[in-house]
Amino acid sequence: CPAAQIHLHVMDMPDELRPELAAFIASLPNSRIAVTREVLGVANQPQGIRSCVYSPARTRIAMALARYYAKTIWLIDADALFNRDPRPQVDALGPFDVASILMMAFEPWHMMPAGTVIVRPTAAARRFAALVDGFLRQRMATGNIAWGTEQVGLYGAWHYLRSVNADFTL
């Protein structure tokens, strides 16, 4: 989408890679790309620990940005592949506040994958995003995270809003 605003959030990027990132962004002349950096301090930790920190951080920043931008936000995992124009998927949202995949599973961390989540600029969607953001901030601040924490936050926010009959559609 040529008119799309891209927000790239980079975690634990070494300073020596900043010029490479700037050169890459400059090589895309018609793109609107905003970049934020965050130091989480786990770059030298084993892969399992990095995954447990980076996945919730990615979802947390996306939910914070959903409250910041007055546009539809699409959280796309770094390894997501697209082979066609994504606009029909976004247009299919219709009146819904948030779009995700709900899966039949016993564990709440498997019920709502965090790889692709679409959040529209509605009051209900911002409430959802604030709940997920707050949950993940609290969990990350206390170090109480594990693989799937962000999926528990997404599912928990959806389940809570549904249980209190909030004006929220998924």
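For the numbers below, each heavy atom of this structure counts, side chains included, while hydrogens, waters and symmetry mates do not. FYI, the numbering just counts along the sequence from 1.
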Taking everything shown except Y54 itself, do over 12 heavy atoms lie less than 6.0 Å from its OH? yes
What residues form a salt bridge (Lys or Arg N to Asp or Glu O under 4.0 Å) with D167, not counting sequence neighbours? none
CD (Q45) and SG (C52) are apart, to the nearest 0.5 Å, by 11.5 Å
Just to verify, what does R162 make a salt bridge (Lys or Arg N to Asp or Glu O under 4.0 Å) with, not counting sequence neighbours? none
Name all residues meeting the salt bridge (Lys or Arg N to Asp or Glu O under 4.0 Å) criterion together with R126; count only those two or more places apart in sequence or in a different chain, and write none if there are none. none
Can you list the residues that meet the ring-ring contact (aromatic ring centres under 6.0 Å, His included) rule with F168, with sequence neighbours excluded? F128
Under the rule for salt bridge (Lys or Arg N to Asp or Glu O under 4.0 Å), what residues qualify as partners of D133, not counting sequence neighbours? R67, R137
Whichever hydrophobic residues join I33 through chains of side-chain contacts under 4.5 Å: I6, L8, V10, M13, L17, L21, F24, I25, L28, V35
What residues form a ring-ring contact (aromatic ring centres under 6.0 Å, His included) with Y69, not counting sequence neighbours? H7
Quick check for you: to the nearest 0.5 Å, what is the distance between I61 atom CD1 and Y68 atom OH? 11.5 Å
Would you say that P121 contacts K71 through its side chain, given a criterion of any heavy-atom pair below 4.5 Å between the two side chains? no
Just jot down the side-chain contact (heavy atoms from CB on, under 4.5 Å) partners of T122, sequence neighbours excluded, or say none. D97, R120, A124, A125
Would you please name every residue forming a side-chain contact (heavy atoms from CB on, under 4.5 Å) with A62, sequence neighbours left out? L75
M11 vs R58 side-chain heavy atoms within contact, under 4.5 Å: yes
Ring-plane angle category for Y155 and W158, please: parallel below 30°, perpendicular beyond 60°, tilted otherwise. tilted
In the hydrophobic cluster built from side-chain contacts under 4.5 Å, what are the other members alongside V39? none
If you compare all heavy atoms of A157 against all heavy atoms of V132, which two are closest, and at what distance to 0.1 Å? CB-CG2, 3.6 Å
The reported gap from CZ in F96 to OG1 in T169 (rounded to nearest 0.5 angstrom) is 6.0 Å
What heavy-atom pair brings E150 and S55 nearest, and what distance separates the two atoms? OE2-CB, 3.3 Å
Would you say T59 and L136 make side-chain contact, with heavy atoms under 4.5 Å? yes
Under the side-chain contact (heavy atoms from CB on, under 4.5 Å) test, which residues partner I145, sequence neighbours left out? V53, R139, M140, T149
Could you measure the distance from the CZ atom of F135 to the CG atom of L131? Nearest 0.5 Å is fine. 11.0 Å
Pair E38-R60, salt bridge (charged side-chain N to carboxylate O under 4.0 Å, His left out): steps then yes or no: CA-CA 12 Å; E38 181 174 17; R60 176 191 48 79; 2.4 Å; yes
Listed by chain and number, what are the side-chain contact (heavy atoms from CB on, under 4.5 Å) partners of Q138, not counting sequence neighbours? T142
CZ/R18: more than 12 non-hydrogen atoms of other groups inside 6.0 Å: no
